Amino acid sequence: MIWNEHHECMDRQPLAELQGERLRNMVERIYLRVPFYRNKLQEMGIEPGDIRSIDDLKTLPFTTKQDLRDNYPFGLFAVPQQDVVRFHASSGTTGKSTVVGYTHNDIQMWSEVVARSLTMAGVTKHDIIQVAYGYGLFTGGLGLHYGAEKVGASVIPISGGNTKKQLQLLEDFGSTAIACTPSYAAYLGEAIMEEKLDRSKIKLKAGIFGAEPWTEEMRAQIQQLLGLKAYDIYGLSEVIGPGVSMECGVQHGMHVFEDHFIPEIIDPETGEVLPYGELGELVFTTVTKEALPLLRYRTRDLTRLHVERCDCGRTLVRMEKCVGRSDDMLIIRGVNVFPSQVESVLLEMSETRPHYLLVVERENNLDTLEIQVEVEDQFFSDEVKELEGLRKRISGNLASLLGLHASVRLVEPGTIERSQGKAQRVVDKRKLK
Amino acid sequence: MIIKQLSVFLENRAGRLTELTGILAENDINISAFSIADTTDFGILRVITGKPELAEKVLKEQGFAVKITDVIGMIMPNKPGSLHHALQILTDNGISIEYMYAFASGDDRASAVIRTDTPQKAIEVLQLHKMELLKAGDVYQI
Ligand SMILES: [Zn+2]
């Protein structure tokens with residue numbers, strides 16, 4: 001099922017034309033109504049009339065989270081307060097939170113993209129959906145709520161927490177879909193096991209999970225515990241909230257709703273736009289949003305975009321699960337290196353585990369990269385040639401992915417420090433000198 | 001006739017080997033024979049000890065990467081040509097040696113630990129040629 005076949009399966013060329021037209025309108029609006037953007041565009045000598053097609057997007061300036069903070073709370077809004085019908089805010093880990101606003105049309109558009117997302121997960125008006133994302137300033141709860149109502153599903157606005165009640169309603173109402181964070185889904189699944197609930201009463205078939213990073217292992221675990229198919233939904237409040245992109249039944253990346261949010265992948269260092277398939281920082285331009293239109297907003301999320309048509313029939317680009325934050329990027333001999341790339345190499349090899357440390361140093365004005373990898377009991381061979389072979393294979397795989405030679409050093413298990421939850425992956429000794 | 005050898009991954013850093021021998025000593029585990037294969041970054045310690053399962057357990061608990069490897073032990077008269085004779089038997093029977101190391105056993109004989117991919121076959125051909133082999137029970141006590 002496809003909610004909006006016209007826009008989700010549009011040929012790429014008409015889509016590009018639609019995007020170009022919407023971009024031109026957007027730039028006109030923000031030039032007129034947001035002094036921040038007008039000043040920026042004038043400094044660069046750009047006038048709204050210069051935007052002729054979507055290809056001109058790359059000439060426009062970026063917007064950052066810092067810009068939102070600097071203009072707290074309403075400085076980047078493009079409509080007067082009387083047109084704003086809703087606020088949401090994200091809690092900043094440092095300093096002020098980021099405030100976002102929505103007009104009536106923005107809420108409609110948001111409901112539309114969430115309706116598309118839910119349809120991808122097979123949710124219809126015949127479903128009962130338990131929305132267990134938090135309701136409030138956080139976009140998760142209300143975002144899913146409006147989209148689910150638009151689809152016509154019966155919504156249980158239970159919000160997050162209160163696990164006993166969640167389980168009771170799962171049983172009593174026979175909820176067929178649930179939306180929450182993946183970690184809460186795993187927690188609920190474990191609670192079902194512990195409470196020894198009658199599994200035959202749990203009718204869940206689809207789970208819509210997002211708002212935090214999760215792995216394929218977690219997906220398998222959640223699917224097994226809850227007996228449903230788990231779908232990944234992506235979003236950030238600055239762009240709209242959940243529903244910026246969503247996995248279809250093929251589960252080969254998340255389709256970005258490009259008629260509303262134009263994605264780009266850039267080199268986080270140079271700002272240069274990278275071709276499809278390359279890893280870089282994800283950037284969004286919200287071409288239809290009225291209250292808070294964002295021009296080339298830098299998400300700091302690292303991922304790749306793929307444009308090949310999906311088996312589900314949608315033509316919208318697919319984005320991979322984000323592999324990290326651009327803040328983690330290292331530049332070594334001019335090459336961008338992300339710790340997550342090293343991790344992916346180690347995960348792909350069946351003879352290593354992702355316990356690693358990148359050590360960057362500078363010798364004779366030349367950067368050196370050493371990657372320490374822990375030797376695991378089960379992969380440990382007692383022959384030197386085997387271990388040397390392993391080291392060469394890791395090094396070779398890294399070189400082909402990074403485009404950079406890294407020396408690999410095998411270290412004893414447990415020697416790479418593990419802090420609670422998040423391990424330190426990088427030691428950059430260049431900064432110490 | 002199969003002897004359990006402990007193989008331990010060691011980083012080349014000062015005192016690491018001493019830590020390991022200390023752990024074995026604390027647990028009253030005797031070392032009968034050992035050798036180290038090393039590269040610039042790491043070494044592989046191969047060691048025959050008493051109570052190999054206990055040794056494996058305590059070393060793993062202390063964070064070492066440890067693996068038990070099957071090897072065979074061979075006893076030869078301490079005279080010219082005896083090692084050559086033994087190796088010739090193995091070669092003639094298509095048994096390749098991954099590594100080996102010798103150790104003294106206190107009398108006028110020499111002993112060697114041999115690692116091959118096919119230890120059972122090696123045992124059979126050596127016994128067929130009347131070579132003396134170390135028994136597991138003996139070697140852990142040496
Ligand atoms: Zn698809």
Side-chain angles (χ1 to χ4, degrees), chain A residues 342 345-346 349-361 363 368-399 405-420 423-425 427 429, chain B residues 2-20 23 33-49 52-53 55-72 96-101 113-119:
Chain A
V342 175
V345 166
L346 296 177
M349 297 178 63
S350 55
E351 48 200 341
T352 48
R353 276 170 188 262
H355 296 309
Y356 62 92
L357 183 70
L358 281 74
V359 181
V360 193
E361 285 193 76
E363 284 165 18
T368 61
L369 173 62
E370 177 186 86
I371 293 165
Q372 299 181 359
V373 180
E374 284 185 9
V375 168
E376 301 276 333
D377 281 338
Q378 62 266 50
F379 308 122
F380 164 48
S381 160
D382 87 325
E383 285 168 36
V384 172
K385 67 170 191 272
E386 293 286 329
L387 287 177
E388 285 293 346
L390 172 63
R391 184 162 80 164
K392 286 200 181 100
R393 281 194 296 281
I394 298 174
S395 183
N397 290 350
L398 283 169
H405 172 77
S407 63
V408 172
R409 190 149 77 90
L410 299 175
V411 298
E412 289 176 24
T415 47
I416 293 169
E417 219 173 292
R418 289 164 181 71
S419 49
Q420 204 70 32
Q424 191 193 356
R425 294 302 190 198
V427 175
K429 294 182 177 170
Chain B
I2 296 278
I3 295 167
K4 303 262 175 242
Q5 170 198 265
L6 294 185
S7 304
V8 187
F9 180 86
L10 285 179
E11 273 173 57
N12 285 353
R13 59 188 153 91
R16 197 55 181 150
L17 184 56
T18 317
E19 278 172 47
L20 181 142
I23 293 165
F34 78 91
S35 96
I36 292 179
D38 68 340
T39 71
T40 48
D41 289 337
F42 64 84
I44 301 168
L45 172 73
R46 293 153 185 162
V47 57
I48 310 270
T49 69
E53 280 84 12
E56 182 193 16
K57 180 171 163 281
V58 296
L59 289 175
K60 277 190 174 171
E61 279 167 6
Q62 297 296 318
F64 286 92
V66 188
K67 186 178 165 165
I68 290 201
T69 315
D70 289 345
V71 294
I72 57 175
S96 62
I97 294 169
E98 299 294 345
Y99 56 78
M100 64 179 291
Y101 50 97
V113 171
I114 296 175
R115 164 68 181 160
T116 133
D117 275 348
T118 50

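The structure displayed is predicted, hence computed values, not measured ones. Order of the sequence lines fixes the chain letters, A, B, ..., with proteins taken first and strands second; residue numbering starts at 1 for each chain.
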- Minimum side-chain heavy-atom gap B:I44-A:E383 below 4.5 Å: no
dist A:R409:CZ -> B:T39:OG1 (nearest 0.5 Å) comes out at 10.0 Å
Turns out that what part of B:E98 lies under 4.5 Å from chain A's heavy atoms comes down to side chain
Closest non-hydrogen contact found for B:A65 with A:F380 is O-CE2, 3.6 Å
Legend entry - A:E412 side chain to B:E11 backbone, donor-acceptor under 3.5 Å: yes
To the nearest 0.5 Å, atom CD of A:E370 lies from atom CG of B:D41 at 7.0 Å
Over 12 non-hydrogen atoms of neighbours within 6.0 angstrom of CZ in B:F34
no
So, the part of B:L45 with a heavy atom under 4.5 Å from chain A: the answer is neither
Closest non-hydrogen atoms of A:L410 and B:F42, given as atom of the first, atom of the second and distance, are CD1-CE2, 4.1 Å
Here the pair of heavy atoms bringing A:D382 nearest to B:R46 is O-NH2, 2.7 Å
So, the part of B:F9 with a heavy atom under 4.5 Å from chain A: the answer is both
Counting heavy-atom pairs under 4.5 Å with chain A, the top scorer among B:A37, B:G63, B:G43 is B:G63
Scored by heavy-atom pairs under 4.5 Å with chain A, the best of B:T40, B:N12, B:T69 is B:T69
